[in-house]
Colleague: 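Dropping the structure in here first, questions after.
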Amino acid sequence: MLVTGANRGIGFEFVKSFAADGWRVHACARNVEKAKQVRALDGDVVCHKLDVTNGLKVASLARELAGEGIDILINNAGLRGPKTGFGETDYDAWADVLKVNTLAPLRMVERFVGLIEQSERKLVVNISSIMGSIADNSSGGEYIYRSSKAALNMVTKSLADDLAGRGVTVVCFHPGWVKTDMGGEGAAITPSESVGDMRQVIDGLTADHSGKFFNYDGRPLQW
Ligand SMILES: NC(=O)c1ccc[n+]([C@@H]2O[C@H](COP(=O)([O-])OP(=O)(O)OC[C@H]3O[C@@H](n4cnc5c(N)ncnc54)[C@H](OP(=O)(O)O)[C@@H]3O)[C@@H](O)[C@H]2O)c1
């Protein structure tokens with residue numbers, strides 16, 4: 001399995017959890033020096049330097065791993081961007097957030113789909129957010145992050161349709177409000193609670209779930 005943004009937060013917790021269960025984990029981080037805690041983990045963990053916005057590096061990692069099945073691709077790397085309100089939008093920052101949160105997950109799947117197809121589970125998990133749910137938006141604002149995750153949700157649905165014939169299941173999750181650098185200390189749950197629950201849902205996913213948006217505890221969410 002392969003996780004992006006694996007050096008801290010929810011991504012690191014996924015690596016720790018799958019490695020503890022004996023999985024071979026490809027842990028991708030844009031700054032390998034910052035991934036000390038990943039390298040310190042026991043188990044079959046391989047660290048790769050990967051900035052998910054670098055298309056050449058994504059393609060070269062897919063070539064490097066050719067021949068190896070990737071059972072689960074977790075597109076976890078994410079950016080919050082500035083939380084500016086109406087009239088204050090930083091358009092350059094918005095483009096940067098879209099590159100990480102929306103464009104990169106699709107590019108990862110486009111480059112890795114051959115390896116995913118070779119595997120048994122054939123699963124893509126996109127880490128989205130309830131902030132990307134149009135149905136849940138009752139307070140406005142947060143144009144940058146909200147739009148990046150709403151677009152990721154749309155990418156998830158189209159991928160699910162496009163890859164159904166190839167046996168690949170694609171879902172997205174809201175991981176909960178999680179105590180990470182992004183979620184902050186006051187968040188509701190720990191990375192271990194979030195990932196523990198998501199792993200139980202992931203274990204039970206079948207092709208029938210493809211194209212769905214789940215809360216971390218398995219509750220279906222509205223787009
Ligand atoms: N925490 C929450 O409450 C919450 C709620 C809803 C959704 N989410 C989503 O959950 C995911 C993980 O969030 P988190 O809370 O663990 O955030 P985090 O602690 O801020 O970690 C973000 C991770 O993404 C990586 N990243 C950012 N840009 C990257 C790039 N260009 N290439 C490769 N990696 C990159 C970061 O790497 P660096 O260390 O190099 O910066 C870091 O490893 C994100 O997609 C986020 O939107 C989180």
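Just follow the structure's listing: the first ligand is 1, and inside any ligand the first atom is 1.
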Colleague: Just say parallel, tilted or perpendicular for the rings of Phe18 and Trp23, cut-offs at 30° and 60°.
Modeller: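 Perpendicular.
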Colleague: What do we get for Ala77 next to ligand 1 when only non-hydrogen atoms under 4.0 Å count, side chain, backbone, both or neither?
Modeller: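 Both backbone and side chain of Ala77 come within 4.0 Å of ligand 1.
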Colleague: Return the residue, atom name and 0.1 Å-rounded distance of the protein heavy atom closest to atom 44 (C) of ligand 1.
Modeller: Asn76 O, 3.2 Å
Colleague: Is the shortest distance from a heavy atom of Ala187 to ligand 1 less than 4.0 Å?
Modeller: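 No heavy atom of Ala187 comes that close to ligand 1.
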Colleague: Please work out, at 4.0 Å between heavy atoms, whether the side chain, the backbone, both, or neither of Phe12 comes within that distance of ligand 1.
Modeller: neither
Colleague: Considering the heavy atoms of Asp181, write down every atom of ligand 1 situated less than 4.0 Å from one of them.
Modeller: 19 (O)
Colleague: Could you list the atoms of ligand 1 found under 4.0 angstrom from a heavy atom of Gly176?
Modeller: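 It comes down to these atoms of ligand 1: 2 (C), 3 (O), 4 (C), 5 (C), 6 (C).
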Colleague: To which protein heavy atom is atom 17 (O) of ligand 1 closest, and what is the distance rounded to 0.1 Å?
Modeller: Met182 CB, 3.5 Å
Colleague: Looking at Lys149, is its backbone amide N or carbonyl O close enough to the side chain of Asn101 to form a donor-acceptor pair, meaning the two atoms are under 3.5 Å apart?
Modeller: no
Colleague: Give me the residue, atom name and distance of the protein heavy atom closest to atom 24 (O) of ligand 1.
Modeller: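 Protein heavy atom at minimum distance: Gly78 N, 3.3 Å.
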Colleague: Any heavy atom of Asn31 sitting closer than 4.0 Å to ligand 1?
Modeller: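 So Asn31 does not count as touching ligand 1.
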Colleague: Is Lys99 touching ligand 1 with its side chain, its backbone, both, or neither, if touching means heavy atoms under 4.0 Å apart?
Modeller: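 Contact part for Lys99 vs ligand 1: neither.
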Colleague: Counting only heavy atoms, tell me which of Gly11, Gly9, Pro175 gets closest to atom 8 (N) of ligand 1.
Modeller: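 The option holding the nearest heavy atom is Pro175.
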Colleague: Answer yes or no: is there a donor N or O on one side and an acceptor on the other, between the side chain of Ser147 and the main chain of Ile144, under 3.5 Å?
Modeller: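 Such a contact is found between Ser147 side chain and Ile144 backbone.
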Colleague: Do His174 and ligand 1 have an N or O pair less than 3.5 Å apart?
Modeller: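 Looking only at distances, the answer is no, because the N/O contact criterion of under 3.5 Å is not met.
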Colleague: Are any side-chain N or O atoms of Ser194 and backbone N or O atoms of Gly176, one a donor and one an acceptor, separated by less than 3.5 Å?
Modeller: no
Colleague: Hey, what do you get for CE (Met182) to CG (Leu79), rounding to the nearest 0.5 Å?
Modeller: 6.5 Å
Colleague: Which one holds for Ser128 and ligand 1: side chain close, backbone close, both close, or neither close, with close meaning a heavy atom under 4.0 Å?
Modeller: backbone
Colleague: Any N or O of Gly5 that comes nearer than 3.5 Å to an N or O of ligand 1?
Modeller: yes
Colleague: List every atom of ligand 1 that sits less than 4.0 Å from any heavy atom of Val100, numbering the atoms from 1 in the order shown and giving each element.
Modeller: 28 (N), 31 (N)
Colleague: Going by the order shown, which atoms of ligand 1 are within less than 4.0 Å of some heavy atom of Asn7?
Modeller: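 Checking each atom against Asn7, I get 37 (O), 38 (P), 39 (O), 42 (C), 43 (O).
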Colleague: Examine distances only and state if a side-chain atom of Asp96 and a backbone atom of Leu98 form a donor-acceptor pair shorter than 3.5 Å.
Modeller: no
Colleague: Polar contacts were defined as any N/O atom of the residue lying under 3.5 Å from an N/O atom of the ligand; does this apply to Ala6 and ligand 1?
Modeller: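 The answer is no, given that Ala6 and ligand 1 share no N or O pair closer than 3.5 Å.
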Colleague: When you measure from atom 10 (O) of ligand 1 to every protein heavy atom, which one gives the shortest distance, and what is it?
Modeller: Ile127 CG2, 3.2 Å
Colleague: Check each atom of ligand 1 against the heavy atoms of Leu50 and keep those under 4.0 Å away; list them by number with element.
Modeller: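 Going through ligand 1 atom by atom, the ones under 4.0 Å from Leu50 are 32 (N), 33 (C).
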Colleague: Near Ser129, which atoms of ligand 1 are under 4.0 Å from a heavy atom of that residue?
Modeller: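 In order of numbering, the contacting atoms are 6 (C), 7 (C).
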Colleague: Please report the closest heavy-atom contact between Leu115 and Leu65, naming both atoms and the distance.
Modeller: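 So the two residues come closest at CD2-O, 3.4 Å.
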Colleague: Can you report which non-hydrogen protein atom sits closest to atom 36 (C) of ligand 1, along with the distance?
Modeller: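 Heavy-atom neighbour on the protein nearest atom 36 (C) of ligand 1: Arg8 NH2, 3.8 Å.
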Colleague: Look at the side chain of Asn76 and the backbone N and O of Gly5, then say whether any donor-acceptor pair between them is shorter than 3.5 Å.
Modeller: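 Judged by distance alone, yes, a pair lies under 3.5 Å.
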Colleague: Determine, considering heavy atoms only, which of Phe173, Trp177, Tyr145 sits nearest to atom 46 (C) of ligand 1.
Modeller: Tyr145
Colleague: Is there at least one pair of N or O atoms, one from Val52 and one from ligand 1, spaced under 3.5 Å apart?
Modeller: yes
Colleague: Of the protein's non-hydrogen atoms, which lies at the shortest distance from atom 16 (O) of ligand 1, and what is that distance?
Modeller: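 Nearest neighbour among protein heavy atoms for atom 16 (O) of ligand 1, to 0.1 Å: Ile10 N, 2.8 Å.
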Colleague: Is there a donor-acceptor contact under 3.5 Å from the side chain of Ser210 to the main chain of Val170?
Modeller: yes
Colleague: Is there a side chain to side chain contact (heavy atoms under 4.5 Å, CB included) between Val109 and Val168? Walk through the geometry before answering.
Modeller: CA-CA 10 Å; Val109 178; Val168 178; 6.0 Å; no
Colleague: Look at ligand 1 and say whether Ala29 reaches it with a heavy atom at a distance under 4.0 Å.
Modeller: no
Colleague: Taking 4.0 Å as the limit for heavy-atom contacts, which would you say applies to Lys179 with ligand 1: side chain only, backbone only, both, or neither?
Modeller: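 Answer for Lys179: neither.
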Colleague: Only heavy atoms of Lys34, strictly under 4.0 Å: list the atoms of ligand 1 that pass.
Modeller: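 Near Lys34, the atoms of ligand 1 are 38 (P), 39 (O), 40 (O), 41 (O).
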Colleague: In terms of side-chain geometry, is the basic nitrogen of Lys57 or Glu64 positioned less than 4.0 Å from the acidic oxygen of its partner?
Modeller: no
Colleague: If you define the side chain from C-beta out and look only at heavy atoms, does anything of Thr180 sit under 4.5 Å from Glu13?
Modeller: no
Colleague: Nearest protein heavy atom to atom 3 (O) of ligand 1, by residue and atom, and its distance?
Modeller: Val178 N, 2.8 Å
Colleague: Which protein heavy atom lies closest to atom 1 (N) of ligand 1, and at what distance to 0.1 Å?
Modeller: Thr180 OG1, 3.1 Å
Colleague: Main chain of Gly218, side chain of Asn215: is a donor-acceptor contact present, judged purely on distance under 3.5 Å?
Modeller: no
Colleague: I'd like to check Thr206 versus Thr169 (side-chain heavy atoms, cut-off strictly below 4.5 Å). Are they in contact?
Modeller: no
Colleague: Would you please indicate yes or no on a ring centroid separation below 6.0 angstrom for Tyr143 and Trp94?
Modeller: no
Colleague: Is the closest side-chain heavy-atom distance between Pro175 and Met198 below 4.5 Å?
Modeller: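 Yes, side chains in contact.
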